[in-house]
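What follows is a single structure, written as structure tokens, with notes after it.
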Amino acid sequence: MKFKYLILVMSLSIGLLSCSVSRESARQQPLQMVSPDLYATLYQQYAAEYKALCFQAYNLASLRLEQALTENYSKPTAIVLDIDETVLDNIPYQAAAIKGGFGYPVQWAEWMESANAEPLAGVTEFLQLAANTGVNIFYVSNRKEVFKEATIRNLQAKGLPFADEAHVLLRVSGNEKESRRKSISAEYEIIMLVGDNLGDFDRMFETDADVRMTATLEYAGQFGKKWIVLPNAVYGSWLETMPGYDTKLTKEALTDSLRMQLKGFNE
Ligand SMILES: [Mg+2]
């Protein structure tokens, strides 16, 4: 009986030990064993922190909107929002691309035409507040014009206001958004801009990484005020303008090229 008890205690201890060892070795796995775009994509699909950041952005946007509406304007007021990773969640496309081993634009048209993207956390309440307080809403997105009908259908299906031909301004020629913002400004006072890419706020950010960073430091006071930023670690100008980022490289060469850009404490 005593011997049986000893065996039981020993096997339990070995079990617990191996469990803690495997947890420890999992912790020591080098991060580069997993592709960085996998982490970024999982973060936006699984991290409660990502949802919390979206709520934070839109809670702040509501507060700033109410403050902005205490001012007098000579023109009707408007807010301008980007669509992808600002209003609608496109990460299911990215997830399918990683799992299927393909990249943009493969299956992008299918994703657009499905008109099935979900609104980001907090955006629906914010847009309803804006609409209810008499603010006009414009969606300025670099989705191609060919997807305009599907985009409007998607926004309408999710109950988002101002989802119509006149308020959804997609990309007709270049990626720049300034000309579309200017055409809105001709008739409306833009009191807020919301986006996940700094180019959603001002043309000065549509440039190289150093200038983007310098301008961000210079205009620090605008963020969380007139400019509301949503997080997006999966894609965007931050990545496209990064030194070492070159899509013509093979996956391995691109990984090496980007790894060279890391700024270690011991260099
Ligand atoms: Mg976007």
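Remember, it's a predicted structure, so these values are computed and weren't measured experimentally. Whatever order the structure lists ligands and atoms in, that order sets their numbers, starting from 1.
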Heteroatom N/O/S of Asp196 within less than 2.8 Å of the Mg ion (ligand 1): yes

N, O or S of Asp200 under 2.8 Å from the Mg ion (ligand 1): no

Ring-ring centroid check Tyr188 Phe138, cutoff 6.0 Å: yes

Arg153-Gln156 side chain donor-acceptor pair, cut-off 3.5 Å: no

Tyr245 and Gln261: side chain donor to acceptor below 3.5 Å: no

Atom nearest to the Mg ion (ligand 1) - Asp82, N, O or S atoms considered: OD2

Asp84: its N/O/S atom lying closest to the Mg ion (ligand 1) (atom name): O

Joint hydrophobic cluster, Val87 plus Phe147, side-chain heavy atoms closer than 4.5 Å: no

